[in-house]
Each structure stands twice: as structure tokens, then as C-alpha cells.
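The structure appears right after this line, and notes come after that.
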2 protein chains.
Amino acid sequence: MATPPRARRSDAQRNRDRLLEVARTVFEEQGAQASLRDIARRAEVGLGTLYRHFPTRDALLDSLLGRHFDALAAQAADLAAAHPPREALTTWLRAFAAQAAAYQDLSAALMDTINDETSPLHASCSAMRGAGARLLRDAQDAGDVRPDVDGLELFALVNAVAWITGHSPAVAARRDHLLDLVLDGLAAPSSRR
Amino acid sequence: MATPPRARRSDAQRNRDRLLEVARTVFEEQGAQASLRDIARRAEVGLGTLYRHFPTRDALLDSLLGRHFDALAAQAADLAAAHPPREALTTWLRAFAAQAAAYQDLSAALMDTINDETSPLHASCSAMRGAGARLLRDAQDAGDVRPDVDGLELFALVNAVAWITGHSPAVAARRDHLLDLVLDGLAAPSSRR
DNA sequence: ACCTGAACACCGTTCAAGT
DNA sequence: ACCTGAACACCGTTCAAGT
């Protein structure tokens, strides 16, 4: 799960909230490499205040992403309980890709988080990945997905599709079709339609 | 094909060559967002000279990429002549992915080129894409690849895999396996092993 | 024709000074 | 405790001045 909120002076908390709100907007508008100065300006906060709360760009991104990760992990559990394995996996991957596509360049940040075990986000990121891996294993146990795929590869593939989606409108229009192609590649030979 | 070399004053030509050589090295070292100032410095050339020859970062990238595109297009023709359709396509896609993975962030530049018809690279980029699309069509005509995939989707998928490869060493180690998964997704049901 | 580097407007990051 | 903004070292881009 994401880090729970610490006790803070109330004015500091207000600044923090303001920064997160503005950052979400700006990142969605301009992508993950948007100017931090600009974010501070639009939040009407000193630049140093931004740095005090979020010592690095990733820290800021991470605070925004933690909730998404937690939400996706929770959704995975729900899906596993409510649907047959392959359907649960498929639905979850679509949700994941939609999420990743919403933030431009999020996929890059995501992959970097995976590789950086010291990231504050690492815990909730790997919790989410674990949830996905469990869905994958269920589908494999049910004979729906070929056994020679692991969670990392699954995650990488879907992330890759989400990324490319953000780099071409023409491709974006066919995101679901691309995911279908990938999912068909993952299907166990016996379960193909 | 890439733009043929123009007539130039010999000192200008020398600077141009030098810049391209240094740029290739630096881009491979640091990725496509490396500092242009740094490139000019290492080429021992005024910053203005770099801008004179390559008015934008993309122009510089493009000059480096044009040759690769031409080479890939030529290779596609060779493969089509020498191998059965599915094998030709597979081999070509592997070569493409290896090429794209060599430059970090190349995939992003590539997708942007596709979308920008005014890019000087657009011609050789689409020539290469056309060559790939032809291999795809051959494989489809032979019944080896499902008919509901087009060149753009193929290109996007392989590009996506190449990109993710550059963002995680663990994933990079399994590039061929990921490509296999994607290629299996493209296989026509009847031709599955 | 071509080259150069100073100039401009930005950026990320740090940190002394304030409340 | 926390906030602020000037200061520093960079960057991309332009352009007057030189050869």
C-alpha cells in the first residue's frame, strides 16, 4: 500500500495538497517531464516548498501514482473473486493499459520504479505487480495462458503497448486491438478460439 | 531513400561529418535527449555550426537514422526474395527490434516521425515501413499471419517491445522471448505449432 | 558561405534568510 | 517548522560579428 499521510502542520498540508492537485493536472496536460517551476507557480507556492515536499520529480510522480497502484491491486483481487481466470486477467490488463495511457510517459516512470528498489513507490508498485502476477498464474493453472510467461514479461508487454499508444494518435485509436493481439499471443494453444 | 548529399564547401562538409560521428556516439551513450551543446563541444565546433547544419535535434537524429531505414528497407527486399514469407517477416522484425533497441529512445523519435509528414526523414521512414508492410502482406497471403493486422499495428507493436527493452535490463534480457510472444499473437490460428 | 560565441529565456537544484 | 526567492550551473535557440 502507499505510504499513509504523516502528521503535518496544517498550512504545510494545504500546500502539499495544492501541489498534488496542480501536478496531476499539469502532468496530464504536458506529460511527465513538465516544468516543476511551472507547477510551483500554478500552485502559487515557492519553488523551494515544492522541493521540500517532493525532493525529486519522481517523488512527486510517485505520490500521484501510489493511489493508482493500490487501486489496481485492489481491483485485481475483486476480479479474481468474481470472474473466471482468463476473463479476470483480460479485464485487469485493459484497466492497467487505460491507466498507463492516461499519463503520458507514465510507462517509463513505471519501468524505472520497478528497477529502483529504493523508490518510495517500490512497495505499492510491486504489490500491484504481484496482484497481476497472481491473475496470470490463475489463468495459467486453468490452462488458459501458456506457461512460459512470467509477471515481468506480462507487465512489460502491456506497458509497452500503453506507451506506444501515447505516441501516435493513429495507434491510440487501436489500443484495444493491439491488446487483443498481445493477449492472443499469451493464450495457450489449446484455448485459442 | 535518404536525401543524397548536397554539394558543400569542403570545410563545411568536414564539420558535418564530424558532428554526425560525435552525435552517433553521444546518442548511443546518453540517449536521444543528450545535450546538443555537449555534442558541439566534443566535435570541437561552434554551437551555431551545429544549428546551421541541423536546425533541430530531430534533423540531427534523422540524418543518423536515414541510413538505418534504408538498410532495413533493402534487407526486407532481400529477405522476401530468399525466404518463405513467415520466416522473412520474423527475421526482419528481429532485425528491426535490435536496431531500435540500440538507440535509447529511438522508438519515440520513430513514432514521432511517422506522425510528422513534414519531417525530412518521413520519406525513408515510410519506405522502410512500406517494405515491412509488404513482408506482412506476403505472410498474410500465405495464410501464416492473421488478416486483421496492418502495417501500422505491426510497426507499433515491435517498436513498443524495442522501447520497453531499453527501460529495464531484466526485460532486455528477454527481448527475443517477448518478440516471440508478439509474433505468436500475430500467427494465423491455422498455422500455430 | 560558413563559423563563432555571447545573449536570452528558460530549466532543475540548493540554500541563506525570513516568519 | 515551514516558506521564499535569489543564486548557480546548466540547457536550447538566435543572431550580430567575424573570416
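Only this structure's heavy atoms are used, side chains among them; waters, hydrogens and symmetry mates stay out. Protein chains get the first letters and strands the later ones, always in sequence-line order, with residue 1 at the start of each.
Taking B:Asp38 as the reference, B:Gln30, B:Ser35, B:Arg41, B:Arg42 meet the side-chain contact (heavy atoms from CB on, under 4.5 Å) condition, with sequence neighbours excluded. Residues forming a side chain to side chain donor-acceptor pair (under 3.5 Å) with B:Arg137 (at least two apart in sequence, or on another chain): none. Every residue was checked against the side-chain contact (heavy atoms from CB on, under 4.5 Å) condition with A:Ala77, not counting sequence neighbours, and none meets it. A:Phe54 meets the side-chain contact (heavy atoms from CB on, under 4.5 Å) test with A:Arg16, A:Leu19, A:Leu20, A:Ala59, A:Leu60, A:Ser63; sequence neighbours excluded. In this view, B:Glu21 satisfies the side-chain contact (heavy atoms from CB on, under 4.5 Å) rule with no residue, not counting sequence neighbours. With sequence neighbours left out, the side chain to side chain donor-acceptor pair (under 3.5 Å) criterion links A:His83 to A:Glu87. Here A:Asp150 pairs with B:Arg174 under the salt bridge (charged side-chain N to carboxylate O under 4.0 Å, His left out) rule; sequence neighbours left out.
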* To do: Using a 3.5 Å limit on both pairing distances, list the dot-bracket string of DNA chain C from the 5' end; Watson-Crick and G-U wobble pairs count, crossing pairs take [ ], interstrand pairs take |.
  => ||.|||||...|||||.||
* **Nucleotide-resolved protein contact map, nucleotides 3-16 of chain C, B/S/- at heavy-atom distance under 4.0 Å** => SBB-B---BBBBB-
